Amino acid sequence: MKRTIRKLARWLRLAGFCCLAASAVCPTVTQAAADNGHVTATSVLDAKESQQPAVTETKAAQEIAAEAKADTGAAQTAEVRSVSLTWPVVPGAVKYQVEILRSAEDNLANVIMTQNQIFTNGVDIDLSRYGKAASAFYWKVRPLDYSGNALAAYSAPQPVAAGRLNPTAPQPTAEYDAMDYAAEYPVYSWIPMPGAKHHEVQVYREVNGKDMYVKTLQGGEYDVYDWDAYTTPGRYYWRVRSVDENGTPLSGWSDKSGFSVTTPTPIAALGDSITHGGGVMSVPPSYKLYNWETYAGVPVKNLGVSGNTTQDMLDRFEHDVLPFSPRVLVIMGGVNDYRAGTLGWTVVQHLKALKEKCAAYGIIPVFVTPTPINPGLMIHRAGIEHPTPDWLVHQQYVCDWVKKQPYSVDVASGLADERGWLRSDYTTDGLHPDYLAKKEMGEKIGQYLLSVFPWIQNQ
């Protein structure tokens, strides 16, 4: 009974009322909630909003705008009032900087506008004040790290007119249809329209060729986490629109973006945010780049939940794992336990209980060592609470137990520096491994699975 109460209290705290289960789908309206210790683009923006203005204009821009205002016919006939620009995600980029040029000539005198604080791989820019001149503009982008340092040179200038002109809705960015399997707990992400801080997401399920409404979520600026487990096989769609703080629509609905739920899935992964995905404080789990499953070389169903402890993983085992009937279950957890003071011994008891559940249902558990953390970066960059002083002792205790199991993979030692901390070049916030670390983890786990279970190549 106490365990049930703890589980209910946690889920109510994280997600409000959730009712999408394996056997039923019922409409709900859910308010998004931040999980314990998980860092999102919004938190980064809040912490660094005073660093520099989001948009700066040059004198040339003001002159062009003044000319457009004087020409009353220009505003009425302008073809480019706004534009949505996108580019590939750059590993390590926490944010991006875009410059608008008045022609293809790439020099400082030609710069009209600089837009900073872009926390996704795209931006919608309002160009209406420039009238007809906007159709001849060019743009370029460069990636920045946490401190605002350039990770690469600006891209070559491209014509603004080749972008998505005059958008009327946010643009979805989630990559679930490009993954082997969509995550059990999806995160919906998009490029916001200018000035939009609040969004509304609707989710549908395709039933007999028709879209059946599932629920509505209220999100922030860039993304929203869905805390309902999608275990019912089928095809799902979602769409997003901008709203004000009272929920009044400010834009139209975006095009539909989809994901599929299939069963059975021979290999699945149970874990916390390290398994769920995401990285560099601003990229959500809806992108492939920061999901270790991307690099495994074999299809792995993502059953991760950001913020989970090993107790949480144990509590949701039957509900979240069994619907997918995995033959092999990769289990990695403990970072949210040991950093908060939970004893390594307690974590091991939870992992032992998971092992027993796997045995009861004929599932082979493959345990993975919990990743280390970097307290300095956690505290000074991400504002995550200070871990207990003896966290490393408990992390090592769990790692030692994991390495003694019949099926196990040690990823932790390869991510640690000489102190046993998560290497600073492997993380931005000190808690979540970034691209290089996720790639190393995924490749190591995938190689192990292929060598021990060669039959998975035929699945």
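Source: prediction; values computed, not measured.
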To the nearest 0.5 angstrom, please state how far the [atom1] atom of [X] sits from the [atom2] atom of [Y].
X    : Y    : atom1 : atom2 : result
Y448 : D410 : OH    : CG    : 12.0 Å
L270 : I331 : CG    : CD1   : 6.0 Å
Y185 : Y230 : OH    : OH    : 11.0 Å

Basic-acidic side-chain contact under 4.0 Å: D434, R423: no
salt_bridge(E443, K439) N-O dist < 4.0 Å: yes
May I ask you to check whether [X] and [Y] show a side-chain donor-acceptor distance below 3.5 Å?
X    : Y    : answer
R241 : S251 : no
D337 : T310 : yes
Y154 : Q97  : yes
Q311 : H350 : yes
Y287 : T173 : yes

Between D320 and K301, is a salt bridge (charged side-chain N to carboxylate O under 4.0 Å, His left out) present by the stated rule, with each step listed? CA-CA 11 Å; D320 287 2; K301 177 68 178 182; over 6 Å; no
Could you report the tightest heavy-atom contact between [X] and [Y], atom names first, then the distance?
X    : Y    : value
P370 : Y338 : CB-CE2, 4.3 Å
A269 : V300 : CB-CG1, 3.7 Å
V94  : F119 : O-CD2, 3.5 Å
T263 : F324 : CG2-CD2, 3.5 Å

Hey, what's the ring geometry for [X] with [Y], parallel, tilted or perpendicular (30° and 60° as the breaks)?
X    : Y    : value
Y295 : Y435 : perpendicular
Y407 : F453 : tilted
W87  : W139 : tilted
Y188 : F259 : tilted

Using modelled atom types and a 3.5 Å cut-off, is there a donor and acceptor pairing between side-chain atoms of [X] and backbone atoms of [Y]?
X    : Y    : result
H199 : S242 : no
K403 : S408 : no
T309 : D312 : yes
S273 : S306 : no

Side chain to side chain, [X] and [Y], heavy atoms closer than 4.5 Å:
X    : Y    : answer
V368 : M441 : no
V283 : L289 : no
E200 : T216 : yes
S424 : D417 : no
S254 : W190 : no
R339 : I384 : yes
E440 : L415 : yes
D106 : L101 : yes

Within a radius of less than 6.0 Å around CG of D126, do more than 12 heavy atoms belonging to other residues, nucleotides or ligands occur? yes
